[in-house]
Amino acid sequence: MLIIKQIADNTDEVIARLAKKNFDGKAIIGQVVALDNLRKSTQVQVDKASAELNNLSKEIGLLLKQGRLVEATQSKEKTVELKETIKKLSDQQVDAEQKLNELLVLIPNLPHPSVPVGNHAEDNLIERTGGKMPDLYADAVPHWDLAKKYDLIDFELGVKISGAGFPVYKGKGARLQRALINFFLDNAREAGYLEVQPPYVVNAASGYGTGQLPDKEGQMYHCTVDDLYLIPTAEVPVTNIYRDVILNENELPIKNTAYSACFRREAGSYGKDVRGLNRLHQFDKVEIVQIQHPDKSYDTLDQMVNYVQTLVEKLELPWRILRLCGGDMSFTSALTFDFEVFSAAQERWLEVSSVSNFESYQANRLKCRYRTADKKTQLCHTLNGSALALPRIVAALLENNQTPEGIRIPKALIPYTGFDIID
RNA sequence: GGAAAGUUGCCGGAGUGGUCGAUCGGGACGGUCUCGAAAACCGUUGUACGGGUAACUGUACCCAGGGUUCGAAUCCCUGACUUUCCGCCA
């Protein structure tokens, strides 16, 4: 969440910047500032009364020790009213803090000044593009047909076992998944990321830490008996490793990578967007996460984008990078670059990665801090990106590399698949 | 699922009603010594929110939430979690 001090000190600026995210912050920011003032003023009173009570208690202790019972009893009587005052005031303070917090988590992150204005995908800026558009032969078909033809993915079987959006990968389809996961993890490791294997279910505190809660409550699978959530991305457990952690400045940046299955309810999605592998309830993804010094986080964001670019290049896919507009960005992000690859038979760009700098927004919720040389604690910046999400990569690989003889595997992947063609 | 024990600072581990934010040990950091290092010795070593230009200072925090008391890490209640044993099991 945003830092209350910054909101209070730059109210108008915050409201103006939030507008870029289509968030009308006028009313809520006003309330937040008022609650913060109330919180402070009640605290001053509570502290003062508590100090008085503490002093009285010490005195009573001394008096009792000296056997001055009458005076002790008199002092005791004085505490009655004090305690009532403290109770009343601290209730007020707790109440203000609670309300303040409830409001703060509803305010999205401020977009970076370089974020383009806009509300829809069409308003995103194309940063750069690369790769070669494939020349498909006349009978080229979308990946769902290829998946059936070569018996790679069984969507109907998934429906039987679980429901729509839970495909069953088979044979070379399954091996391709495994190959991609290993390929991505090995690349990440070579780029200096420490591999971790996180839990696939998280508690509510973790959901709040990275901002999925309360904003995206309905998008996560929730195991109510145990009050645990299936992770929508490895970002959640991996970033939460650093919840309530104070790092040494020289430990930064932290670079972690993790493979995980990801679970998303995708409530409200339907239509041709969800065909085949385009949108699933369960999918595989390798994620990269960095915890960085605030001064360096934007350099790091560039590095992460460049790193993801090397992946799509090695996979020989046509790609483009979008700078997301304010309306298309996630709740918690300050600046996001999306990667899309062209899926030639569908003739569509498919999002395969999203790389974001959250600045201190997540860190503030997580209480992820670092200690400066002069022993002050400061919030870290958190960043993450998909590197990469598998299903749409698979869709593009299948579609773009289809030939009458079979589906060609890109050179970089062959050591991982163990085969160079699907036929 | 059944039974028992436990949860204190970076870690280990004291503390069972009053100068306890907390003994001590380890670690880490700084210093002395050394060509350098080790050892030894000396010192430092919490977080959050307030007040104050500042030096400084107030409050809260010993798993969480309630309660008893003038006063709670310490006593009582509730909850969470952890560990061990038994059962079940990849």
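Residue numbering restarts at 1 for every chain, and letters A, B, ... go by the order of the sequence lines.
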Among A/Asp91, A/Thr85, A/Ile86, find the residue that satisfies the side-chain contact (heavy atoms from CB on, under 4.5 Å) test when tested with A/Leu89.
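One option only clears the test, and that one is A/Thr85.
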Just one of A/Asn101, A/Val32, A/Val33 clears the side-chain contact (heavy atoms from CB on, under 4.5 Å) bar with A/Ile4, so which one?
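Exactly one candidate clears the test, A/Val32.
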Below 4.0 Å: OP1/OP2 of [N] and any side-chain N or O of [X]:
X        : N     : value
A/Arg371 : B/U45 : no
A/Arg369 : B/A48 : yes
A/Lys375 : B/C29 : no

Consider the side chain of A/Arg39, meaning its heavy atoms from C-beta on, and name the nucleotide among B/A48, B/C49, B/C70 that approaches it most closely.
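My answer, after comparing the listed nucleotides, is B/C49.
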Side chain of A/Lys40 only, heavy atoms from C-beta on: which candidate in B/C70, B/A48, B/G51 is closest?
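Looking only at heavy atoms from C-beta outward on A/Lys40, the closest nucleotide is B/G51.
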Does B/A28 have a Watson-Crick or wobble mate here (both distances under 3.5 Å), and if so which one?
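Base-paired to B/U44.
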What I want to find out is whether [X] reaches [Y] closely enough, with some N-O distance under 4.0 Å, to be called a salt bridge.
X        : Y        : result
A/Arg189 : A/Asp186 : yes
A/Glu13  : A/Arg17  : yes
A/Lys78  : A/Glu59  : no

Encode nucleotides 58-68 of chain B as B, S and - characters from 5' to 3', where the letter depends on protein heavy atoms closer than 4.0 Å: B to the base, S only to sugar-phosphate, - to neither.
BSS--------
Taking the same atom, [atom1], in [N] and in [M], what whole-Å distance lies between them?
N     : M     : atom1 : result
B/A40 : B/G51 : C1'   : 45 Å
B/U82 : B/A28 : P     : 31 Å
B/G50 : B/C11 : C1'   : 32 Å
B/U68 : B/U74 : C1'   : 13 Å
B/A3  : B/G87 : P     : 16 Å
B/C10 : B/G6  : P     : 24 Å
B/U19 : B/G71 : C1'   : 12 Å

Minimum heavy-atom separation for A/Lys21 and A/Ser330, please, with both atom names.
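It is NZ-O, 2.8 Å.
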Nearest heavy-atom neighbours spanning A/Asn240 and A/Gly209
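Result for this residue pair: OD1-CA, 4.1 Å.
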If each of A/Val44 and A/Thr79 is mapped to the nucleotide of RNA chain B with the nearest heavy atom, which maps nearer the 5' terminus, i.e. the 5' end?
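Checking each residue's closest nucleotide, the 5'-ward one belongs to A/Val44.
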Could you say whether A/Gly61 or A/Ser75 is positioned toward the 5' end of RNA chain B, judged by the nucleotide with the nearest heavy atom to each?
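Looking at the nearest nucleotide for each, A/Gly61 comes out on the 5' side.
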